[in-house]
Protein chains: 2
Amino acid sequence: MGRRRPGAPTLEEVAAHAGVGRGTVSRVINNAAGVKESTRRAVQQAIQELGYVPNLAARSLAGQRADAVALVLTEPDWRQFAEPFFSEIVRSLGDALADTGMQLLLTLVRSDAERQRFLEFARGGRVDGALLVSVHDGDLLPDMLVEAGLPTVLLGRRSGDEYVSYVDADNVGGARSAVSHLLKRGRRAIATVTGPLDMHVAQCRLRGYQEALAMAGLRGEPSWVAESDFTEESGRRAMAELIERHPEIDGVIAASDTTAAGALQALHAAGRRVPEDVAVIGFDDFPLAQQTKPRLTTVRQPLEEIGRAMVRLLLEEVEEPAVAWHHVILRTELVVRESA
Amino acid sequence: MGRRRPGAPTLEEVAAHAGVGRGTVSRVINNAAGVKESTRRAVQQAIQELGYVPNLAARSLAGQRADAVALVLTEPDWRQFAEPFFSEIVRSLGDALADTGMQLLLTLVRSDAERQRFLEFARGGRVDGALLVSVHDGDLLPDMLVEAGLPTVLLGRRSGDEYVSYVDADNVGGARSAVSHLLKRGRRAIATVTGPLDMHVAQCRLRGYQEALAMAGLRGEPSWVAESDFTEESGRRAMAELIERHPEIDGVIAASDTTAAGALQALHAAGRRVPEDVAVIGFDDFPLAQQTKPRLTTVRQPLEEIGRAMVRLLLEEVEEPAVAWHHVILRTELVVRESA
DNA sequence: GTGAAAGCGCTAACAT
DNA sequence: ATGTTAGCGCTTTCAC
């Protein structure tokens with residue numbers, strides 16, 4: 001196996017070169033206080049001259065920390081990864097971590113073998129914590145990580161009584177406000193294209209839809225609900241079904257911007273005019289939603305804030321043994337555009 | 001910062017528990033030869049009972065190796081990441097590494113700051129090597145890594161005289177054979193939708209296109225070439241331009257399956273029949289190419305093999321100080337479907 | 001075949 | 001403010 005570049009200068013050599021003790025060098029590279037400005041400069045020069053780079057393994061071993069966190073993607077069908085949702089989340093997490101000096105490591109866990117390998121990686125102390133996204137309802141990886149003592153934060157609950165720390169958006173409220181919006185504008189025949197119903201987030205949005213209808217004294221019949229898997233294609237298909245079942249349809253809540261785009265296509269294909277005949281509201285507010293014609297009204301999740309919150313929860317737990325799990329549910333916001 | 005779970009059992013405790021020396025335990029967990037079967041079992045049982053997991057930092061420090069390699073994505077516009085090409089490459093690399101016991105770490109390098117951070121990470125010995133994909137022509141990160149003594153393998157050259165180890169496909173030959181295929185079937189008005197021409201791979205494919213035309217005594221005028229950025233949208237736009245400039249067009253080589261899909265849309269929109277009026281050949285052979293109507297003829301790159309080759313080159317270099325760089329150029333293959 | 005001992009390069013606690 | 005020291009948990013000789 002691979003050997004680390006040998007002749008690399010060590011902290012000890014830097015100390016000798018600068019004519020100081022090892023402790024002082026350590027303080028300088030860690031920006032610790034209590035070092036005379038002149039010695040600090042001398043050490044920094046020695047570091048420069050020798051091209052010294054700290055050995056991270058040694059630092060981990062001595063410091064009992066890894067200075068890295070893993071973003072774990074459990075999506076087996078990792079085309080989902082292609083969705084803007086993921087890239088935005090990654091960007092947001094990367095930005096949030098940039099200040100902390102922690103490395104963000106993306107790891108893919110698609111099989112049980114990989115799951116096992118990641119567990120050893122984490123238990124072996126190579127990361128200080130794990131961030132998990134798109135965890136499916138039955139997945140036990142979070143529990144295993146928690147049991148291994150690793151700080152863990154989920155993006156999205158697996159169920160209504162999730163205990164592991166998580167950050168989630170108010171999906172029920174978001175769906176409810178979308179439906180209310182349509183009701184206020186006189187729409188009455190409102191359908192919904194849901195996400196995969198084995199994911200809690202999709203169930204929540206469906207519930208919000210149903211609740212809003214119920215509050216208005218309407219009944220949400222199953223025939224007004226069609227399931228998608230968040231892709232454009234499945235949105236198209238689901239919408240086509242709904243149109244067939246209910247030609248009188250005048251409003252739709254779609255599971256994502258991508259699904260909404262698919263729904264728009266199906267509506268156009270069926271000769272419906274949007275938003276005149278049918279109003280469409282999508283979840284998430286990405287370029288797609290802003291580019292489609294007409295531009296979509298959306299339920300926006302504050303992705304920037306999601307990343308910040310996840311990192312904050314994780315680091316708190318990393319700093320000190322946590323006595324409790326923390327849950328953050330971010331408000332969603334209706335971004336109204338001409339389509340509704 | 002974070003502390004590693006304290007009470008974790010150490011190798012020493014396992015040794016005590018099993019009534020053997022530390023060295024023996026080390027041999028057992030590393031599957032080293034020369035341990036009596038009975039002691040091996042005793043040690044394994046102790047490991048089980050204590051729930052022992054090796055401390056990877058200590059192992060790195062003592063063993064001078066990290067047992068991990070980084071897959072570095074330098075794509076600043078990381079929507080590219082969404083393309084099936086990336087997910088397939090990642091899958092392929094993951095599979096190739098699975099046997100070796102190495103962890104694959106995905107790291108995103110979008111800014112200069114992140115570039116610097118990754119360099120320290122690598123020079124700090126947290127990975128044994130780096131695999132780089134989609135490196136743009138002017139990017140100096142590979143050179144910096146090589147200079148830092150880190151085994152490095154590129155997917156795709158940055159230029160014709162790349163020296164850093166790389167694995168690439170025969171893009172020139174692939175494009176040439178695609179054009180020849182069309183010529184043989186009587187097509188004469190052949191255009192091409194290229195990838196971004198600041199990437200060497202796109203230049204190579206363009207050259208193959210031009211060469212094949214030249215060999216047939218035809219001239220590849222610039223007006224028959226339109227540039228895309230590998231996305232569907234840009235493929236649509238480029239194709240629309242070409243149609244306008246050359247209504248007599250009867251064949252197209254597209255930069256990817258995604259671009260080809262865009263090109264198909266533009267052709268349909270213009271009322272052309274494919275493949276009767278116009279034959280379309282795409283690079284890469286992903287589900288998209290196989291689902292479009294008509295199913296596309298494609299220039300296939302052996303992605304499985306690309307991953308294997310990259311890992312092989314990297315590990316060789318990791319095993320022992322390399323005295324040379326190695327370049328592998330994989331043959332491409334024309335997958336003929338009804339569209340041509 | 002197995003145990004003992006010497007580091008790997010760093011941090012942090014303790015002296016000075 | 002700075003030098004010194006004792007580990008962190010493992011791999012790897014080297015004896016036995």
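Small disclaimer: the values here were computed from a predicted structure and weren't measured. Hydrogens, waters and symmetry mates play no part in the numbers below; they use all other heavy atoms, side chains included. Numbered from 1 within each chain, the chains take letters A, B, ... in sequence-line order.
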**Prompt:** Would you call B:Arg117-B:Glu120 a salt bridge at under 4.0 Å N-O?
**Reply:** no
**Rounded interatomic separation in angstrom, taking CG from A:Leu11 and P from D:dG3** = 12 Å
**Prompt:** With respect to the side chain of B:Arg22, which nucleotide from D:dC8, C:dT11, C:dA6 is positioned closest?
**Reply:** C:dA6
**Prompt:** Mind checking whether B:Tyr163 and B:Trp325 have parallel, tilted or perpendicular rings, split at 30° and 60°?
**Reply:** perpendicular
**Prompt:** What's the shortest heavy-atom distance between A:Tyr52 and A:Pro9, and which atoms?
**Reply:** CD1-O, 3.3 Å
**Message:** Does D:dG3 have OP1 or OP2 under 4.0 Å away from a side-chain N or O of A:Thr24?
**Reply:** yes
**Minimum-distance nucleotide (side-chain atoms of B:Leu61 versus C:dA12, D:dC10, C:dC8)** = C:dC8
**Asked** Expressed in angstrom and rounded to an integer, what is the separation of A:Arg59 atom CZ from D:dG9 atom P?
**Response** 18 Å
**Most 5' of B:Val20 and A:Val25 on DNA chain C, judged by nearest nucleotide** = B:Val20
**Request:** Please identify each residue that fulfils side-chain hydrogen bond (donor to acceptor under 3.5 Å, both in side chains) with B:Arg126, with sequence neighbours left out.
**Result:** A:Ser60
**Item:** Nearest-nucleotide 5' precedence on DNA chain D, B:Arg27 against B:Ala62
**Value:** B:Ala62
**Request:** Grab the CG-P distance between B:Asn55 and D:dG7 for me, whole Å please.
**Result:** 17 Å
**Residues, nucleotides or ligands: over 12 heavy atoms within 6.0 Å of B:Gln48 CD** = no
**Asked** Regarding A:Glu316 and A:His326, is there a side-chain donor-to-acceptor distance under 3.5 Å anywhere?
**Response** no
**Request:** Provide, to the nearest angstrom, the distance between the CG atom belonging to B:Asn30 and the C1' atom belonging to D:dT13.
**Result:** 15 Å
**Request:** Please list, by residue number, the residues of residues 32-43 of chain B whose heavy atoms come closer than 4.0 Å to an atom of DNA chain D; answer none if no residue qualifies.
**Result:** none
**Integer-rounded Å distance: C:dG9 P and A:Glu13 CD** = 8 Å
**Complete:** Between B:Thr10 and A:Gly21, whichever has its closest DNA chain D nucleotide further toward 5' is A:Gly21
